[in-house]
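Working notes, beginning with the structure itself.
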Amino acid sequence: MMLESVMKDGVLSTMLPADLKLPMVAPEDLGRVAARLLQAPIEQIGVYPVEGPERNSPNDVAAAFASALGRAVRVDVIPRETWEDAYRSLGFSDAAAHSYARMTALTADGPEYPEDPIRGSISLQTYIGKLVAAKIP
């Protein structure tokens, strides 16, 4: 979602701490796992956590964009006290903005991660590199 903004301004805005490592997964990896599970025996129905090859932070995302764009990209952390206003500026209702700000706080304050997730193979750098290459004529 940040591709246009990062390409234009060289700034990656986030509400999360710049060094917070989070699970991320490329849509292709997620699709491969979903396709495999759709073909699995009925006894294997369940919840399966899927992540990319490693967890990444907003700093890692900015570095991947910088590499793909060949120029600096900085991280701009949106202060917690302005989260609800930020969500409202994106078109969220007051109730939704409040709810999303609370959800963001839970993530920022120490998310819980599943043990032994299914790992995809597409790295953050590869994924962002393809996104940028598809946008640059």
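Quick caveat: nothing in here was measured; it's all calculated off a predicted structure.
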**Asked** Short question: side chain of Ser123, backbone of Thr126 - any donor-acceptor pair under 3.5 Å?
**Response** yes

**Asked** With Phe92, which residues qualify under ring-ring contact (aromatic ring centres under 6.0 Å, His included), at least two apart?
**Response** Tyr87, Tyr100

**Asked** So do the side chains of Ile122 and Arg32 get within less than 4.5 Å of each other, counting heavy atoms only?
**Response** yes

Under 3.5 Å, which donor-acceptor pairs do the side chains of residues 11-20 form with other protein atoms, sequence neighbours left out?
{"from": "Thr14", "atom 1": "OG1", "to": "Leu16", "atom 2": "N", "distance (Å)": "3.0"}

For residues 64-72, which side-chain N or O atoms pair as donor and acceptor with protein atoms under 3.5 Å away, sequence neighbours left out?
{"from": "Arg71", "atom 1": "NH2", "to": "Val6", "atom 2": "O", "distance (Å)": "3.3"}
{"from": "Arg71", "atom 1": "NH2", "to": "Met7", "atom 2": "O", "distance (Å)": "2.2"}

**Message:** What I want to find out is whether Asp109 reaches Arg102 closely enough, with some N-O distance under 4.0 Å, to be called a salt bridge.
**Reply:** no

**Message:** Less than 4.0 angstrom from a charged side-chain N to a carboxylate O is my criterion; do Asp60 and Lys21 meet it?
**Reply:** yes

**Asked** If you measure from the Lys or Arg side-chain nitrogens to the Asp or Glu carboxylate oxygens, is any gap between Lys8 and Glu4 under 4.0 Å?
**Response** no

**Complete:** Those residues at least two apart in sequence (or on a different chain) that pass ring-ring contact (aromatic ring centres under 6.0 Å, His included) with Tyr127 are none

**Request:** Any pair with a residue in residues 39-50 that passes side-chain hydrogen bond (donor to acceptor under 3.5 Å, both in side chains), sequence neighbours left out, goes on the list, sorted by first then second residue, please.
**Result:** none

**Request:** Please confirm whether the backbone N or O of Ala96 pairs with a side-chain atom of Ser99, one donor and one acceptor, at under 3.5 Å?
**Result:** no

**Request:** Not counting sequence neighbours, which residues clear side-chain contact (heavy atoms from CB on, under 4.5 Å) with Glu54? List them please.
**Result:** Asn56

